[in-house]
Amino acid sequence: MSPSPAPLTDPGAPIGVLLLGADHTVLAASAGLTDLLGLPLPPGERAPHGLLDHPPGTPLPAQVTLRGPRGSVVCHATALGAADPVTLLLAEHDLARTILDPLPLDVAVLDDQGRYVYVNPAAIQSADVRRTIIGLTDREYVTRRGHPTERAGVREQHFAQARASGECVSFTETFPTPSGPLTLRRTYLPVRDPDGTLRLMIGFGEDQTQDRSQAEQMNLLRTMVDTSVDPLLVLDARPGDQHLRVVYGNPAMLDLLRHHGLEQLPDLPMPQWPMAEGNTVNILAMLAQLTGLPAGSTYRDTLFLPEAQQWLEVHVSGILDSDTCTHWAVSLRDVTAQRQGELQQERVARAHRLALTGAPLSETLCLLLQGVDRFDVGWQMGLMIAGTPLRTVGALPDAVAVAAQHLDGETLRQHWQTLDPDREGLPQTCPDLARSTSPLHAALSPAARALIEVPLYGRDGQLLGALLATHTTPHAWTADLPATLRYLEPSAAMLLEQHLNQERLQRLAYRDPLTELLSRAALSECAAAHLTAGEPVALGLLDLDRFRFLNDGFGHAVGDQLLRELAARLTAVAARHDLRGVARMGGDEFGLLAHPNQIGVLSADLRALFDEPFEVNGTPLLLESSLGWSVAPATAHDAQTLLQQADAALYGAKRAQQFSEVYAPAPPARIPSVTMESALRESLRDRHFRLAYQPQVHLATGQLVGAEALLRWTHPVLGPFTPDQFIPVAELAGLMPRLGEWVLRTACHEVTRFSNPHLSVSVNVSSRQLSDPTFSDRVRQALADSGLRPQRLVLEVTESGLIDNPTRVREVLQELRDLGVRVSMDDFGTGYSSLFSLRSLPVDELKIDRAFVRDLGQDTQAARESLAVVMASVLMARALDIELLAEGVETPEQERALREAGCDLGQGWLYARALEPVDFDAFEQAWPARLLGDRPATPVPAVATLRD
């Protein structure tokens with residue numbers, strides 16, 4: 001008994017194929033099909049009756065059912081050929097379902113005319129579309145589906161090529177998809193009969209999208225690596241002979257090796273490369289870091305090659321095989337220019353910091369130019385300073401410095417006016433000075449041949465000098481050196497301008513601009529230096545008598561000329577006696593520093609100096625003067641005391657109406673209070689009082705902003721009295737209101753005669769005056785009579801005056817402030833009520849008592865405590881929006897400590913002693929930082945006080 005046919009869904013069923021002619025003659029039949037049907041189908045015979053439902057000679061439909069004793073088999077019918085139609089019957093369950101349908105490969109079967117016989121799901125996913133394509137050609141299909149007809153043309157061309165050649169033909173197709181282009185490699189495989197006749201054409205497509213994308217990426221990657229400007233290499237990380245060999249290097253890496261003298265990539269481990277020793281040491285140190293590098297990690301560092309002065313930024317990544325690092329990918333980036341720029345910036349910053357410490361220009365310039373010539377061997381660089389004569393600083397040749405000494409600033413200015421008329425400040429190069437027509441180049445040509453120069457301009461556009469680089473041979477520079485000098489030009493100009501300003505300030509500080517003698521500060525420093533060295537010193541102060549009347553009668557220009565002539569005579573005397581110094585102390589006062597043994601002969605020579613008349617407007621004029629001496633260490637042990645004693649001796653000589661006097665300390669005669677009270681009343685009546693003014697300076701800007709007016713009293717019989725002697729007597733006698741009224745009115749009138757209309761005056765007000773109900777009216781009257789603007793007047797009050805009657809005082813002061821007058825609190829910090837007063841009363845200014853200034857600038861506990869008080873006062877003043885003034889500033893150290901603490905104003909012997917009104921006016925006009933307008937904040941006053 002024959003086996004039953006296998007189920008049609010069985011993927012392992014035998015293959016069933018039947019070829020029928022048009023008249024249903026069996027051309028071929030597979031054993032699998034005859035077994036399924038249970039019928040023999042011998043070739044050449046007609047198909048058995050009942051096998052088909054369709055009569056011979058009629059076209060078969062696409063699906064045909066074959067019937068036999070064992071069952072029915074559904075087949076796909078495909079007509080093959082044209083002249084002798086043949087139909088291929090293929091059991092639908094076997095080849096398609098079991099083999100072709102599950103394939104992921106795009107598969108289609110076409111007849112010899114290019115009509116589709118079969119298409120699997122990988123080619124067309126939709127079953128409906130697959131059914132519609134059967135029996136259609138590619139052109140018919142794309143037309144029906146609306147696809148581009150060019151695609152059908154390409155397929156027809158390759159179909160014809162495969163049919164004609166009998167060989168496989170492959171070509172590439174690209175389809176647009178929502179996820180991007182799809183690339184297929186299409187192949188036509190012809191199936192022929194033994195006689196060569198094409199029976200079927202099998203077409204299949206392979207998806208090459210990913211392979212093509214990877215190929216493109218690899219190509220782009222290789223192009224990127226090969227064209228990278230950064231050197232890239234791959235190092236072998238595996239142990240053995242190949243360890244640390246370079247298995248790949250891009251063209252940039254090969255260029256880097258050629259820069260170091262290696263013409264090709266050495267076939268040696270990197271430690272054995274023939275490189276300079278210094279470079280090899282650093283490379284080996286870098287490679288040693290890679291040995292312990294964990295798998296999958298990266299390494300970053302900066303590699304310095306000292307022999308080439310080259311910096312390379314290194315980035316290393318491990319290349320892994322499983323978990324093992326087999327190679328290192330190394331990326332190098334040349335950061336030499338960046339590193340050199342950073343080093344140059346560091347040098348510039350260090351040079352500026354060094355300059356701020358007061359270092360000489362030669363030191364700051366040496367630091368600025370350090371290392372500039374490392375890549376430009378043979379060049380020497382420095383500065384040429386515009387002056388007369390020209391000066392050089394830096395590493396310029398000695399011969400250049402000598403040649404510059406024979407030139408003046410005008411030569412340099414004319415040189416740059418020709419080279420740089422628009423002041424662009426660009427570097428200029430001269431390949432051979434011997435061929436230049438410039439007078440400056442001609443003067444320098446014996447000392448140098450090649451020159452690169454950059455002009456240095458100040459903030460006002462004036463030529464300060466030039467930055468120079470010289471070489472002993474012509475045409476010897478590189479392209480980088482002018483750019484480097486151009487980069488250094490702003491810093492060099494700033495350092496040079498700062499140096500010139502320091503020189504200018506030093507001249508102003510140590511030289512009197514009118515007479516060119518030493519200044520007061522310079523003579524004081526000179527005296528202090530001799531005292532520190534333990535040498536005996538004599539200080540003489542010479543003052544012209546009634547010089548104010550000469551100024552008033554002939555004018556200040558004549559007075560200045562006379563002072564210059566007197567300075568010339570004093571200079572001659574100083575030269576004859578080899579004095580230690582001669583100075584103009586201010587106004588018409590001069591100082592001489594000598595040995596105590598010279599006092600007698602010097603006094604005689606100085607007196608004889610005035611026996612010869614001075615010429616004034618063509619008229620000879622005899623002048624008189626007074627001279628006071630003080631001696632150290634006999635009566636003084638420091639420069640300040642020496643000056644005070646010489647000043648006292650000078651006024652003693654004037655009182656005694658004699659030419660000179662040497663200071664001798666003597667206890668003051670005690671005068672009974674009743675006698676002093678009577679003398680005070682007499683002097684109020686006969687006006688024996690006068691005001692002297694001591695300057696005040698803005699600590700931050702150096703501006704002269706005012707003066708403190710000090711009350712002086714010299715009785716024609718009893719002599720001079722200090723304020724601490726007569727003020728208590730005046731208070732007990734009830735004379736303070738009258739004395740204060742005189743000070744107020746006199747100060748207002750005298751200040752209006754100052755040449756600077758912006759200075760202010762402050763008047764000390766006693767508690768008795770503040771209690772006077774008419775005080776406000778008296779202030780208004782004094783301002784009206786003098787014409788002084790209220791903004792220029794400050795009333796200085798003491799704590800006792802504030803606390804006696806605070807309600808009344810607050811009302812009075814507020815009335816005056818509404819008028820424009822300001823209020824200052826004197827001796828701040830010495831009383832107990834300052835904080836309360838500041839919060840409750842209208843105060844514009846605080847005056848720190850000299851007791852807290854005396855110790856500043858010293859390394860003592862007292863100095864630290866005083867500084868703490870000052871800083872606390874500054875914070876308080878800032879919080880209350882008022883100004884802070886320090887009295888008794890006598891040394892530069894005290895001034896610096898106050899300025900750094902934030903104090904606004906200072907006054908004291910450091911700037912000047914108290915001056916007569918006319919002398920103060922001359923002093924103010926000579927002060928370098930004049931107050932040219934009202935200050936934007938509350939005006940800073942010139943203080944008038946009843947106390948010294």
Side-chain angles (χ1 to χ4, degrees), residues 509-510 512 517-543 580-587 589-596 599 627-652 661-666 692-697 699 707-708 710 712 720 722-724 848-860 862-863 866 870 885-899 906-915 919 923 947-948:
Y510 290 93
D512 173 60
L517 297 177
L518 294 177
S519 66
R520 177 191 185 92
L523 192 69
S524 298
E525 288 190 12
C526 185
H530 285 289
L531 291 174
T532 302
E535 301 173 3
V537 175
L539 174 66
L541 292 182
L542 180 72
D543 183 74
R580 295 168 174 174
V582 56
R584 182 188 177 202
M585 308 298 283
E589 186 175 272
F590 295 83
L592 303 100
L593 203 62
H595 192 278
I599 289 179
L627 176 64
W629 289 99
S630 63
V631 178
T635 60
H637 297 283
D638 56 69
Q640 178 183 347
T641 306
L642 201 64
L643 282 168
Q644 292 173 341
Q645 292 180 355
D647 188 61
L650 171 64
Y651 281 98
E661 181 177 303
V662 179
Y663 176 81
Y693 296 87
Q694 187 176 39
Q696 291 181 332
V697 174
L699 296 178
E708 178 180 11
L710 303 173
R712 303 300 192 202
T722 60
D724 59 343
I848 300 178
D849 188 78
R850 67 183 65 234
F852 300 107
V853 178
R854 183 184 305 116
D855 299 313
L856 293 180
Q858 304 177 25
D859 188 16
T860 63
S866 296
V870 171
L885 183 147
E887 297 178 296
V889 183
E890 298 175 351
T891 67
E893 290 77 13
Q894 293 171 347
E895 180 193 53
R896 183 168 54 254
L898 289 166
R899 182 173 59 250
Q907 71 176 71
W909 280 70
L910 178 64
Y911 310 108
R913 64 182 178 84
L915 302 171
D919 295 333
F923 174 84
R947 295 168 295 171
D948 191 351

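Since we're looking at a predicted model, the values are computed, not measured.
Taking both residues in full, the closest heavy atoms of L650 and L541 are given as CD1-O, 3.6 Å, listed atom of the first, atom of the second, then distance. When all heavy atoms of A851 and S866 are compared, the pair lying nearest together is O-OG, 4.2 Å. Nearest heavy atoms, A639 versus S524: CB-O, 3.8 Å. Closest approach of R712 and A914 over heavy atoms only: NH2-CB, 3.5 Å. Considering all non-hydrogen atoms of both residues, D855 and A862 come closest at OD2-CB, 3.5 Å. Of all heavy-atom pairs between A649 and V662, the closest is CB-C, 4.2 Å.
A donor-acceptor contact shorter than 3.5 Å is absent between the side chain of E890 and the backbone of R854. A distance-only check finds no donor-acceptor pair linking the side chain of S630 to the backbone of Y663 [under 3.5 Å]. Between the T641 side chain and the H637 main chain, no donor and acceptor come within less than 3.5 Å of each other. No donor-acceptor pair under 3.5 Å is formed between the side chain of Q694 and the backbone N or O of L915.
Using a 4.5 Å heavy-atom cutoff, the side chains of H595 and P536 are in contact. Residues I848 and E887 fail the side-chain proximity criterion, which asks for heavy atoms closer than 4.5 Å. Residues F590 and L517 meet the side-chain proximity criterion, which asks for heavy atoms closer than 4.5 Å. Counting heavy atoms from C-beta on, the side chains of R580 and V537 come closer than 4.5 Å. Inter-residue side-chain proximity for E589 and D647 is flagged as met; some heavy-atom pair is nearer than 4.5 Å. Residues R520 and L643 have side chains in contact (heavy-atom distance under 4.5 Å, counting atoms from C-beta outward). Taking 4.5 Å as the limit, some side-chain heavy atom of V870 sits within range of a side-chain heavy atom of L856. Using a 4.5 Å heavy-atom threshold, the side chains of L910 and Q894 count as separate.
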| request: Assess whether side-chain contact (heavy atoms from CB on, under 4.5 Å) is satisfied between L627 and E661, documenting all intermediate values. | output: CA-CA 6 Å; L627 176 64; E661 181 177 303; over 6 Å; no
| query | side-chain contact (heavy atoms from CB on, under 4.5 Å) between E895 and Y911: does it pass, once the steps are laid out? | reply | CA-CA 10 Å; E895 180 193 53; Y911 310 108; 2.8 Å; yes
| Hey, mind stepping through V631 and I599 against side-chain contact (heavy atoms from CB on, under 4.5 Å) and telling me if it holds? | CA-CA 9 Å; V631 178; I599 289 179; 3.6 Å; yes
| Given the rule in the side-chain contact (heavy atoms from CB on, under 4.5 Å) test, do L518 and L593 qualify, once you have shown the distances and angles that lead to the verdict? | CA-CA 11 Å; L518 294 177; L593 203 62; over 6 Å; no
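Rounding to the nearest 0.5 angstrom, the gap separating the CG atom in L699 from the CZ atom in R899 is 7.0 Å. Distance check: D919 CG to M585 CE gives 13.5 Å after rounding to the nearest 0.5 Å.
Around the CZ atom of R913, the shell of radius 6.0 Å holds more than 12 heavy atoms that belong to other residues, nucleotides or ligands.
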